[in-house]
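Some notes on the structure that comes next.
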Number of protein chains: 2
Amino acid sequence: MTVTLADVAARARVSPATVSRVLNGNYPVASSTRERVLRAVDDLDYVLNGPASSLAAATSDLVGILVNDIADPFFGIMAGAAQSEIGGPGDGSGRAGGEKLAVVCNTGGSPERELTYLTLLQRQRAAAVVLTGGALEDPAHQAAMAVKLAKLADAGTRIVFCGRPPLPGTDAVVAALAFDNRGGARRITEHLIALGHRRIGYVAGPVERTTTRHRLEGHREAMKAAGLYGDEESVTVHGPYDRRSGYDATLELLRREPDVTAVVAANDTVALGACAAVRERGLRIPEDISVAGFDDLPFSVDAVPALTTVRLPLFEAGARAGRLAMGKETPPPGGIATIGAELMERGSTAPPRLD
Amino acid sequence: MTVTLADVAARARVSPATVSRVLNGNYPVASSTRERVLRAVDDLDYVLNGPASSLAAATSDLVGILVNDIADPFFGIMAGAAQSEIGGPGDGSGRAGGEKLAVVCNTGGSPERELTYLTLLQRQRAAAVVLTGGALEDPAHQAAMAVKLAKLADAGTRIVFCGRPPLPGTDAVVAALAFDNRGGARRITEHLIALGHRRIGYVAGPVERTTTRHRLEGHREAMKAAGLYGDEESVTVHGPYDRRSGYDATLELLRREPDVTAVVAANDTVALGACAAVRERGLRIPEDISVAGFDDLPFSVDAVPALTTVRLPLFEAGARAGRLAMGKETPPPGGIATIGAELMERGSTAPPRLD
DNA sequence: ACAGCCGTAGCAAGCGCTTTCTATGCGGTA
DNA sequence: TACCGCATAGAAAGCGCTTGCTACGGCTGT
């Protein structure tokens with residue numbers, strides 16, 4: 001059978017309690033004893049029984065990171081950064097203690113899965129949960145989430161939002177890091193307007209997502225401020241945050257409104273699809289049509305022409321969320337921090353053609 | 001305090017044993033009783049204590065997925081696919097039972113972290129572990145891995161390799177799905193040769209990785225077969241699997257060997273960097289230089305020109321690995337399956353200029 | 001010289017669940 | 001009518017660990 005604490009204790013000729021204390025390092029143990037125990041652990045190749053330990057201590061070293069789409073670098077970057085801070089192996093400490101198992105859970109954007117993962121994590125008595133990405137704006141789901149999170153919180157789980165606005169009715173949350181989606185969107189549209197564009201199409205994300213709404217609002221704010229707010233509905237197309245959707249939506253947009261001179265996409269992935277659609281129509285970027293994205297994912301700079309977009313410090317935000325989840329960093333005042341979004345002017349936008 | 005099994009039992013006026021049996025559905029319970037229990041569970045909002053359950057049952061519902069770089073879609077796609085099969089929430093069953101918590105662990109390509117994650121998973125008595133991506137070829141590390149995996153296996157953990165060749169000395173593994181990296185690499189180089197290229201540069205991945213070696217070998221096989229094998233060392237540059245590395249390596253390559261007419265990159269991400277470098281030098285793709293990648297990640301088709309590459313069925317492989325890990329699919333004969341790689345001819349390759 | 005401490009180590013009581021074994025009530029059979 | 005077996009429920013013994021409390025020397029202080 002597998003080696004237990006008792007086996008180690010027997011070999012080291014101490015009590016199980018002592019072994020436990022050596023392993024946890026939370027109680028004074030004479031160094032000679034400690035050494036003996038450590039050797040026994042080594043000799044027997046002992047591996048702690050996690051469930052037993054969690055049960056007895058009523059805590060676990062699991063930290064959950066919820067993402068909408070693990071195949072999307074937007075989430076991958078944040079999750080990776082968070083995970084590296086949360087430690088798991090090689091967090092630099094070398095010592096146990098900080099050794100948490102950071103696990104990422106892929107909700108696929110489905111509200112049910114989000115809730116179920118939360119239950120699963122609750123079941124495991126997770127030490128912390130990081131929720132990334134935009135939230136669904138369905139009131140029923142939000143309420144359910146609030147309830148769930150409250151329960152998690154008072155079971156001792158730390159909760160951090162990353163790239164997601166604070167959920168109303170949830171003060172159980174340790175901290176919320178929100179991206180300035182609205183501001184970023186405003187700036188990129190202002191940039192287009194400043195270049196001389198007047199007729200600007202918008203390829204939005206899925207409806208009922210905070211991210212979608214905020215970016216769209218920022219865009220429209222800029223349009224309004226420039227007195228360009230008109231038949232917004234007809235130059236806006238919604239769809240999922242993927243390349244295919246950007247392609248289809250842009251084709252649709254171009255057909256519906258052939259006079260647009262610029263297309264703003266909800267994110268870079270969508271923008272890539274938009275570029276493909278523009279070319280498909282035989283139009284050049286940026287000479288005939290400007291295209292802009294959002295997020296500044298790694299591939300965006302390599303697009304041809306390089307994509308004008310809004311840079312979100314995904315890595316930094318993820319890392320900070322990880323630290324907050326670990327209690328290694330003090331939460332921002334009020335528990336909420338807004339993370340800036342910076343305009344990256346590149347080759348995919350230019351003044352419109354003068355017809 | 002939190003609700004326990006006993007609380008539910010009391011409310012349903014049955015014994016804890018009965019509640020447990022209802023929840024696990026592995027023992028006959030009169031339906032009237034079952035109903036009463038279920039209602040009590042609902043009323044009290046009971047959530048099973050995972051650690052306690054795992055301890056008593058000596059099994060857990062955790063499944064680990066190890067990846068080298070979670071921010072890289074190559075891994076994200078496989079991990080997402082695996083996770084969706086492993087279930088976690090919404091695996092369609094609706095019922096518990098199949099409800100495993102699939103967690104992805106980011107090793108960052110570090111051997112120590114890989115090992116430590118395995119220990120962590122061993123600690124949690126994980127039900128299964130899926131290892132993705134190429135392996136390190138360091139004998140010491142391989143030996144350590146073999147030992148670790150053997151231990152996991154005989155603690156009852158199912159082990160599946162995905163996109164990684166079987167580790168010698170490990171028969172504890174349920175199955176290994178290996179990509180035909182060599183064949184894919186051979187085909188793409190043959191394609192270039194058929195186009196008329198004679199002087200072909202190769203931007204390889206990090207040394208000591210199986211993936212790197214196999215792709216490089218495939219490439220060289222093709223070169224040799226065409227009688228083009230010469231000073232391979234001078235047209236090969238190694239580096240990490242990232243865009244930056246592709247850029248730097250290609251610049252270096254072009255400086256060292258200005259007469260190459262094609263560059264084969266170790267993967268698509270690297271290829272993107274290579275494209276940037278080629279353009280930086282004022283050369284056109286594919287007129288002046290052809291560029292080829294590997295993997296066919298989603299963005300590759302959107303590159304301009306679209307990237308010629310080798311398609312790896314990442315999603316399918318990940319899903320299959322997930323199923324194997326769950327025991328939902330019977331392992332291939334011998335435990336090893338090689339997954340084909342298909343050449344995707346696109347715009348980034350063309351015949352060389354005739355000088 | 002004795003009381004009181006401090007530094008260590010052990011005892012033992014759980015943590016909340018699963019599961020074996022036992023008990024009970026019922027219907028069917030002789 | 002009495003017996004046996006089946007279907008169902010309960011009792012209780014752990015699973016392997018943590019931790020509050022107790023025990024025990026040797027030191028210090030007066």
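Reminder, nothing fancy here: chain letters follow the sequence lines and each chain counts from 1.
Distance B:Arg13 CZ to D:dG10 C1': 15 Å, rounded to the nearest Å. When rounded to the nearest whole Å, the span between CG of A:Leu5 and P of D:dG16 equals 10 Å. The interatomic distance linking A:Leu55 (CG) with D:dG16 (P) rounds to 12 Å, in whole Å. We find that CG of B:Asn49 is positioned 14 Å from C1' of C:dG14, with the value rounded to whole Å. Separating the CZ atom of B:Arg123 from the C1' atom of D:dG16 is a distance of 14 Å, rounded to the nearest angstrom. For A:Asp7 and D:dG16, the CG to P distance is 9 Å, given to the nearest whole Å. The CD-P distance, from B:Gln124 to D:dC15, rounds to 20 Å in whole Å. Taking atom CZ of A:Arg125 as the reference point, atom P of C:dC17 lies 8 Å away to the nearest angstrom.
Considering only side-chain N and O atoms, A:Ser53 lies nowhere under 4.0 angstrom from the phosphate OP1 or OP2 of D:dC17. When the side-chain nitrogen and oxygen atoms of A:Thr33 are compared with OP1 and OP2 of C:dA9, one or more of them lie within a distance under 4.0 Å.
The list of side chain to side chain donor-acceptor pair (under 3.5 Å) pairs with a residue in residues 42-60 of chain B, not counting sequence neighbours, reads A:Lys151-B:Asp45, B:Arg11-B:Asp43. Applying the salt bridge (Lys or Arg N to Asp or Glu O under 4.0 Å) test to every pair with at least one member in residues 15-28 of chain B, sequence neighbours left out, gives no pairs at all. For residues 129-140 of chain A, the set of pairs meeting the side chain to side chain donor-acceptor pair (under 3.5 Å) definition, not counting sequence neighbours, comprises A:Glu137-A:Arg213.
The side-chain hydrogen bond (donor to acceptor under 3.5 Å, both in side chains) check on A:Arg320 picks up A:Glu329, with sequence neighbours excluded. Annotation: salt bridge (Lys or Arg N to Asp or Glu O under 4.0 Å) contacts of B:Glu35 (sequence neighbours excluded): none. Here A:Ala178 pairs with nothing under the side chain to side chain contact (heavy atoms under 4.5 Å, CB included) rule; sequence neighbours left out. Listed by chain and number, the residues in a salt bridge (Lys or Arg N to Asp or Glu O under 4.0 Å) with A:Arg164 are A:Glu114 (sequence neighbours excluded).
The side chain of A:Tyr46 sits closest to D:dG16 out of D:dG16, C:dC17, D:dT8. In this structure, of D:dG10, C:dT8, D:dC17, it is D:dG10 that holds the atom nearest to the side chain of B:Ser15.
A donor-acceptor contact under 3.5 angstrom links the side chains of B:Thr18 and B:Ser15, judged on distance only.
End-to-end axis angle of the helix from C:dA1-D:dT30 to C:dA30-D:dT1, from C1' rotation axes over five pairs per end: 40° (rounded to 10 degrees).
Using a 4.5 Å heavy-atom cutoff, the side chains of A:Asp154 and B:Thr2 are not in contact.
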Could you write out each protein N or O paired with an N or O of nucleotides 19-24 of chain D at a distance under 3.5 Å?
{"unit_1": "D:dG20", "atom_1": "O6", "unit_2": "A:Arg21", "atom_2": "NH1", "d": "3.1"}

